[in-house]
Visitor: 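Following this message is one structure expressed as structure tokens.
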Amino acid sequence: MAEINRAIKGTNDMLPADSHKFQFVEGKMLDIASLYGFREIRVPVFEHTEVFQRSVGDTTDVVQKEMYTFDDKGGRSITLRPELTAGVVRSVIEHGLVNGALPVKVCYVGGCYRYEKPQAGRLREFHQFGVECFGAASPAADAEVISLGLQVLETVGIKNISLEINSIGCPECRKNYHKALSEYFASHIDTLCETCRDRLSRNPMRILDCKSPVCSALAKDAPKVIDFLCDECQNHFDGVKGHLDAAGIKYTVNPQIVRGLDYYTKTVFEFVSGDIGAQSTVCGGGRYDGLVSQMGGPAVSALGFGMGIERLMLALENQNSNFPEAKKCDIYIAPMGDTAAVKATALCTSLRRDGFEAQCDVCGRGLKAQMKYADKIGALYSTVIGDNEIAENKCNIKNMITGEIEEISLDNFSEQFMKIKLDDALSSLEDTII
RNA sequence: GUGGUUGUAGCUUAGUUGGUUAAAGCGCCAGUUUGUGGCACUGGAGACCGUGGGUUCGAAUCCCAUCUACCACCCCA
């Protein structure tokens with residue numbers, strides 16, 4: 001197929017047959033966030049490249065090799081956002097949001113762009129739901145954000161999801177930990193795999209993530225971050241666990257989880273699903289107390305998470321999860337002849353003004369073809385309008401499920417149609433109760 | 001970026017050791033005496049066999065390259 005007819009590698013079209021599923025999921029995300037007081041924020045899909053370099057971190061893979069960066073016509077270096085936290089932080093600083101009532105709680109849904117090799121649960125354009133909370137240093141905030149993430153996942157109907165938490169400490173305790181870790185792995189350098197030997201100097205914490213049997217065996221006995229936490233970080237972590245316990249939120253402490261973005265401090269967490277493939281993290285986040293000041297804002301603590309919408313959908317699909325049905329056409333009007341076609345347009349217009357999904361023929365098809373079409377789109381009701389109906393000023397409304405027919409006048413059409421619809425809904429409700 | 005698998009109508013597939021106009025089911029459109037959908041029957045449209053080279057008298061079929069998709073590494077959501 002020609003280039004012009006093919007989507008860019010790693011991108012997906014969301015087709016009409018699936019859009020209601022995304023609307024359902026995204027709707028739930030924003031609804032639940034608002035229960036926790038998080039309000040939607042929308043920021044641009046592109047920012048100055050430095051926004052991401054400064055926040056995500058110059059040495060991370062995301063910045064080093066995955067960003068879509070280009071110069072615009074004014075010579076500015078622009079980057080398509082690889083994640084949303086950086087842009088949100090920039091916006092919060094720019095508009096002085098943290099000068100208002102604290103905490104500032106925001107949430108978002110939007111596309112992210114990363115030049116990666118696509119695979120299960122990994123795309124070049126993907127969408128994230130996320131929340132960020134500014135100005136809350138207490139462990140209660142960590143628990144609140146985690147609880148919000150969990151409630152979203154539960155509400156959307158995902159099964160077999162587990163919460164893993166860890167603390168990677170503040171820059172102070174991490175310094176000591178890095179030293180201990182480097183010493184430990186350096187003493188086993190001969191047994192480490194090739195890539196981990198590189199990691200030793202670059203970022204020894206990454207070795208903990210290695211899948212090779214030798215390295216993961218070594219990692220098991222390696223010093224753990226949580227053993228190197230300073231008093232403050234330890235108290236904070238204990239506090240988070242206490243809040244989670246009290247709220248009845250189950251978790252496992254996983255000292256291996258190390259997030260790949262530089263800005264994280266203290267609490268880090270992931271919600272993991274076994275129903276996606278290798279990319280099993282559906283939601284990842286944590287605290288980033290230093291980021292706002294690092295980006296030129298006031299010294300406020302902050303935390304948040306990002307949730308991969310496509311990954312979530314993938315897990316739901318693999319679990320054969322049920323989504324609410326897409327909305328169906330309320331009534332299909334089948335005109336016969338030119339006069340009737342004009343009448344059908346008028347009727348549809350008024351039905352739509354009254355809030356019904358109404359459709360009529362726009363292809364000039366015969367009656368039988370129209371009825372077939374009404375059936376295919378799952379129209380709940382149909383009616384045929386011809387010369388007789390216009391002459392007598394009335395028509396038959398057919399319930400497409402039961403086949404029942406009721407005659408109504410062409411005047412006050414919407415009102416009468418609404419009555420039929422309500423009566424039918426009521427009687428089917430009675431049936432299910434009895 | 002590194003591996004492995006893959007590619008024939010909108011979808012799912014068939015295509016014999018290379019041999020005429022590339023099949024089928026579903027879907028789509030239209031009909032089965034312009035007044036009612038689901039069933040059935042009939043007909044029709046729709047494929048440069050992913051793309052570009054090469055081998056050959058002849059390639060969907062063999063070879064090379066390339067692209068896409070899928071899966072894994074890496075990394076992350």
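Convention: sequence-line order gives letters A, B, ...; per-chain numbering from 1.
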Visitor: Nearest whole angstrom, please: distance from the P of B/U68 to the CD1 of A/Ile8.
Guide: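 Answer to the nearest Å: 11 Å.
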Visitor: Which part of the nucleic acid, if any, lies within contact of A/Leu123, taking any heavy atom under 4.0 Å across all strands shown: a base, the sugar-phosphate backbone alone, or nothing?
Guide: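 If one applies the 4.0 Å heavy-atom cut-off, A/Leu123 turns out to touch a base.
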Visitor: Under the side-chain hydrogen bond (donor to acceptor under 3.5 Å, both in side chains) criterion, do A/Ser273 and A/Ser280 qualify, and how do the steps go?
Guide: CA-CA 5 Å; A/Ser273 165; A/Ser280 55; over 6 Å; no
Visitor: Provide, to the nearest angstrom, the distance between the CG atom belonging to A/Asp387 and the C1' atom belonging to B/G35.
Guide: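 Rounded to the whole Å, the gap is 11 Å.
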Visitor: Can you check whether A/Phe417 and A/Phe356 have ring centres sitting under 6.0 Å from each other?
Guide: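 Under 6.0 Å, so yes.
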Visitor: Considering only the P atoms, how many Å lie between B/C49 and B/U61, rounded to the nearest integer?
Guide: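 So the two P atoms sit 9 Å from each other.
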Visitor: What integer number of Å spans the C1' atoms of B/U56 and B/G44?
Guide: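 Their C1' atoms lie roughly 38 Å apart.
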Visitor: What is the distance, rounded to the nearest whole Å, between atom CE of A/Met371 and atom P of B/U34?
Guide: 16 Å
Visitor: Within the structure shown, what part of the strands sits under 4.0 Å from A/Val384 by heavy-atom distance: base, sugar-phosphate, or nothing?
Guide: base
Visitor: Between B/G25 and B/G15, how far is it from one C1' atom to the other, in whole Å?
Guide: 15 Å
Visitor: Taking atom types as modelled and ignoring hydrogens, do the side chains of A/Thr11 and A/Glu125 form a donor-acceptor contact shorter than 3.5 angstrom?
Guide: no
Visitor: Return the value, rounded to whole Å, for the distance between atom CZ of A/Arg365 and atom C1' of B/U36.
Guide: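 Result: 15 Å.
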Visitor: For B/C28, give the paired nucleotide (Watson-Crick: N1-N3 plus N6-O4 or O6-N4; G-U: N1-O2 and O6-N3; both under 3.5 Å), or none.
Guide: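 Base-paired to B/G44.
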Visitor: Is it true that A/Thr85 and A/Glu132 share a donor-acceptor pair across their side chains at a distance under 3.5 Å?
Guide: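 A/Thr85 and A/Glu132 do have a side-chain donor-acceptor pair below 3.5 Å.
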Visitor: Looking only at side-chain N and O atoms, does A/Gln119 come under 4.0 Å of OP1 or OP2 in B/A72?
Guide: yes
Visitor: Give a yes or no on whether the ring-centroid distance for A/Tyr115 and A/Tyr68 is below 6.0 angstrom.
Guide: yes
Visitor: Nearest whole Å is fine: how far is B/C74 C1' from A/Gln64 CD?
Guide: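 Distance, rounded to whole Å: 13 Å.
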Visitor: In whole angstrom, give me the gap between the P atoms of B/G38 and B/C48.
Guide: 32 Å
Visitor: Does the side chain of A/Lys376 get closer than 4.0 angstrom to OP1 or OP2 of B/G38 through an N or O atom?
Guide: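 It does not, given that no N or O in the side chain of A/Lys376 lies less than 4.0 Å from OP1 or OP2 of B/G38.
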Visitor: Applying a 4.0 Å non-hydrogen cut-off, can you work out what A/Glu389 is touching in the nucleic acid: base, sugar-phosphate, or nothing?
Guide: base
Visitor: Does the B/U2 base have a donor-acceptor partner in the side chain of A/Lys117 within less than 3.5 Å?
Guide: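 Yes, a donor-acceptor pair under 3.5 Å.
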Visitor: For A/Asp221 and A/Tyr184, what are the C-alpha separation, side-chain angles and deciding distance, and is it a side-chain hydrogen bond (donor to acceptor under 3.5 Å, both in side chains)?
Guide: CA-CA 9 Å; A/Asp221 299 322; A/Tyr184 171 79; 4.9 Å; no
Visitor: Between B/U6 and B/G50, how far is it from one C1' atom to the other, in whole Å?
Guide: 11 Å
Visitor: What nucleic acid atoms does A/Gly111 come within less than 4.0 Å of, heavy atoms only: base, sugar-phosphate, or nothing?
Guide: nothing
Visitor: Scan every strand shown for a Watson-Crick or G-U wobble partner of B/G37, both distances under 3.5 Å, and answer none if you come up empty.
Guide: none
Visitor: Which is true for A/Gly306 with a 4.0 Å heavy-atom rule: it touches a base, it touches only sugar-phosphate, or it touches nothing?
Guide: sugar-phosphate
Visitor: Check whether any side-chain N or O of A/Arg122 sits under 4.0 Å from OP1 or OP2 of B/C71, and answer yes or no.
Guide: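 False: A/Arg122 side-chain N/O out of range (4.0 Å or more) of B/C71 OP1/OP2.
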Visitor: Checking salt bridge (Lys or Arg N to Asp or Glu O under 4.0 Å) against A/Arg122, which of A/Glu116, A/Glu310, A/Glu66 comes through?
Guide: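 Exactly one candidate clears the test, A/Glu116.
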Visitor: Strictly below 4.0 Å: does A/Gln370 bring a side-chain N or O up to OP1 or OP2 of B/G37?
Guide: no
Visitor: Which one, B/C76, B/G38, B/U68, comes nearest to the side chain of A/Asp375?
Guide: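 Selected nucleotide: B/G38.
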Visitor: What's the closest nucleotide to the side chain of A/Glu66 if the choices are B/C75, B/G31, B/C39?
Guide: B/C75
Visitor: Any side-chain N or O of A/Lys398 less than 4.0 Å from the OP1 or OP2 oxygen of B/U36?
Guide: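 For B/U36, neither OP1 nor OP2 has a side-chain N or O of A/Lys398 closer than 4.0 Å.
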Visitor: What contact category does A/Gly285 fall into here, base, sugar-phosphate, or nothing, at under 4.0 angstrom with non-hydrogen atoms?
Guide: nothing
Visitor: By a 5.5 angstrom centroid cut-off and a 30 degree plane limit, is there stacking between A/Phe126 and B/A77?
Guide: yes
Visitor: Applying the Watson-Crick and G-U wobble criteria at under 3.5 Å, what pairs with B/C70? Answer none if nothing qualifies.
Guide: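 The base-pairing partner of B/C70, which may sit in any strand shown, is B/G4.
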Visitor: If you check every side-chain atom of A/Met336, which of B/C74, B/C76, B/G35 has the closest atom?
Guide: B/G35
Visitor: Which residue, A/Thr383 or A/Tyr115, contacts RNA chain B at a nucleotide closer to its 5' end, judged by nearest heavy atom?
Guide: A/Tyr115
Visitor: Categorize A/Ala278 for me: base, sugar-phosphate, or nothing, with a 4.0 angstrom heavy-atom threshold over every strand shown.
Guide: sugar-phosphate
Visitor: For B/C75 versus B/U17, give the span between their C1' atoms, rounded off to a whole number of Å.
Guide: 48 Å
Visitor: Write down the distance between OH (A/Tyr68) and P (B/C76), rounded to a whole number of angstrom.
Guide: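 Those two atoms, OH and P, are 18 Å apart.
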Visitor: If you measure from the Lys or Arg side-chain nitrogens to the Asp or Glu carboxylate oxygens, is any gap between A/Asp31 and A/Lys28 under 4.0 Å?
Guide: no
Visitor: On a whole-Å scale, what distance lies between the P atoms belonging to B/C73 and B/U20?
Guide: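 Their P atoms lie roughly 46 Å apart.
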Visitor: Taking atom P in both B/U66 and B/G46, compute the distance separating them and give it to the nearest angstrom.
Guide: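 Rounded to whole Å, the distance is 35 Å.
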Visitor: Over how many whole Å does the gap from A/Lys9 atom NZ to B/C71 atom P extend?
Guide: 14 Å
Visitor: Expressed as a whole number of angstroms, how long is the span from A/Asp13:CG to B/A69:C1'?
Guide: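 Roughly 14 Å, once rounded to whole Å.
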Visitor: Assign each of A/Val282 and A/Ser382 to its nearest nucleotide of RNA chain B by heavy atoms, then name whichever residue's nucleotide is nearer the 5' end.
Guide: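 That would be A/Ser382.
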Visitor: Can you tell me which nucleotide in B/G1, B/C67, B/C74 comes closest to the side chain of A/Gln279?
Guide: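 The answer is B/C74.
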Visitor: Between the base of B/C76 and the side chain of A/Arg311, is there a donor-acceptor distance below 3.5 Å?
Guide: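 Check passes, donor-acceptor contact within cut-off.
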